[in-house]
Amino acid sequence: MQFQLQASDGRARAGLLDTPHGTVKTPFFMVVGTAASVKGMTVDQLRAAKTQVVLSNTYHLAVRPGPEAVRNRGGLAKFMGWNGPTLTDSGGFQVFSLAKKRKVTQEGVRFNNHIDGKELFLTPERAVEIQQDIGADIMMCLDVCPPAKAPRDDIQKSMLLTHDWAKRCQAKWQENPGGQALFGIAQGALFEDLRQESAEYLASLDFPGYAIGGVAVGEDTPDIRRIVNFTAPLLPAHKPRYLMGVGTPADIIAGVQAGVDMFDCVMPTRHARHFQAFTREGPINLKNAKFAEDDGPIEEGCDCETCRSVSRAYVRHLALLNELMASVWVTLHNVRFYLRLMEKLREAILAGRLAEAAGELYRV
RNA sequence: GGGAAGAUGCCCGAGUGGCCAAAGGGAACAGACUGUAAAUCUGUCGGGCCCCGCCCUACGAUGGUUCGAAUCCAUCUCUUCCCA
């Protein structure tokens, strides 16, 4: 995997990332399609929104339809009809989100899956194997993602285990790398010394890319900013940096300014299903009565299909009736909003005017 | 014409003497959501106020029984069903 830096502006960077499914312009936002589906969008719509990378999940695809099934259908990108660049998360986030359904040992994570309770034992090696079957362009190391406010002791143990697993993932991956890249994930929660230790250790392993994990798992926004600002520069400059699971448009702008190249978040798609739309002026809830007679688009000047086609009043009407299309219309807008934000951030970096642009892009 | 059942807050619907401004749904109104167990979850939801408490108005209408009634009695109005 080739990563070429084209320009920088402060600590922010713009570059090109080559994947087996095409070249990606950085910084970029990955649309989340956990189970090989971006909820509420067809692949044509993803392309129309200028999606670059779709993210899916090891845990979910391992549970259903199973890694072999995905492999036998030609791999994730083909299976879902997307045929573009993809990344799979390792299941590390489910250590956090499915805390009640798993048990972590030195060996790995034992899940009782959320569908039928059947056991899924994810070791670092198994997580890589599954991701090789799924066939995404970028795989993630299995990590241990603790809640941000866990005691320091737990954070440190999780970090050390994550380091051990990173090494094991890497060894497994190197047996048969193919065209896939494997990224390491730094942990350490809100402790700067641990963050530093984690970043340095992972850097020593020499991965094709590095992620900041354990963020947006219960901490406040200022803490997210602080840790991202602290950690991003510690990750190798010539490799892509990925801030996992973040975030709000403001978080992303701050992340780009801190030197992060890759983002993903469920926010645009999930919020859309809850009728919350993103705009330059901040999020709006389209179910609110005040939009009942609003004939304008969700966002003036937006080039998405929704804003070109229907009004706020219409989307609110659909939302009140819980029409499927209400969620679809907002999803189309929100995804395009995020992707367009990234396009503009990249343009600003290339033009060397990120600082001015940042304030205009999202006034919240 | 005869008989039966029933009328509860915006809607549906519990409640059958005090713990009832009245369960539970729905609607409406608002909020939350950050590597998706989420088309989910939470709050408000008769009115007013000096709003962790008090005062009004309320369970078809009117009158009555009772210390006390959505709950018991009488009459009336309306609805549904059955028989002619």
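Here the structure is a predicted model, which is why all the values come from computation and not from measurement. Chain naming here is simple, since letters A, B, ... match the order of the sequence lines and numbering starts at 1 in each.
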* Spacing of the P atoms in B:rU57 and B:rG48 (rounded, Å) -> 15 Å
* **Inter-nucleotide P distance (B:rC10, B:rG60), Å rounded** => 13 Å
* Where A:Pro208 and A:Leu182 come nearest, the two heavy atoms and their spacing -> CD-O, 2.7 Å
* Write down the distance separating the P atoms in B:rA27 and B:rC76, rounded off to the nearest Å. => 41 Å
* Quickly work out the A:Leu320 CG to B:rC11 C1' distance and round it to whole Å. => 16 Å
* Side chain to side chain, A:Ile155 and A:Phe191, heavy atoms closer than 4.5 Å -> yes
* Asked: With both distances kept under 3.5 Å, what pairs with B:rA4, Watson-Crick or G-U wobble?
  -> B:rU80
* With A:Tyr242, the side chain to side chain contact (heavy atoms under 4.5 Å, CB included) member among A:Asp261, A:Leu235, A:Asp264, A:Ile212 -> A:Asp264
* Asked: Distance between the C1' atoms of B:rG46 and B:rC51, in whole angstroms?
  -> 16 Å
* Structure fact -> Mate of B:rU65 across any strand shown (Watson-Crick or G-U wobble, both atom pairs under 3.5 Å) is none
* Any strand: nucleotide that pairs with B:rC33 via Watson-Crick or wobble, under 3.5 Å -> none
* Whether A:His60 stacks on the six-membered ring of B:rU36 base, 5.5 Å and 30° limits -> no
* Asked: Paired with B:rA38: which nucleotide, if any, by Watson-Crick or G-U wobble criteria at under 3.5 Å for both distances?
  -> none
* **Ion pair A:Arg336/A:Glu343, N-O distance below 4.0 Å** => yes
* **Watson-Crick or G-U wobble mate for B:rG46, both contacts under 3.5 Å** => B:rC56
* Structure fact -> In 5'-to-3' order, the base (B), backbone-only (S) or no-contact (-) status of each nucleotide in nucleotides 40-47 of chain B, using a 4.0 angstrom heavy-atom cut-off, is B-------
* Can you spot which of A:Asn57, A:Thr34, A:Val32 makes a side chain to side chain contact (heavy atoms under 4.5 Å, CB included) with A:Asp89? => A:Asn57
* Asked: What does B:rC19 pair with, Watson-Crick or G-U, if both distances are under 3.5 Å?
  -> none
* Would you say the side-chain atoms of A:Arg316 pair up with the backbone N or O of A:Lys287, donor to acceptor, closer than 3.5 Å? -> yes
* Asked: When you check the side-chain N and O atoms of A:Gln196 and A:Glu192, is any donor under 3.5 Å from an acceptor?
  -> no
* To do: Write down the partner of B:rG24 under the Watson-Crick or G-U wobble criteria, each distance required to be under 3.5 Å.
  => B:rC12
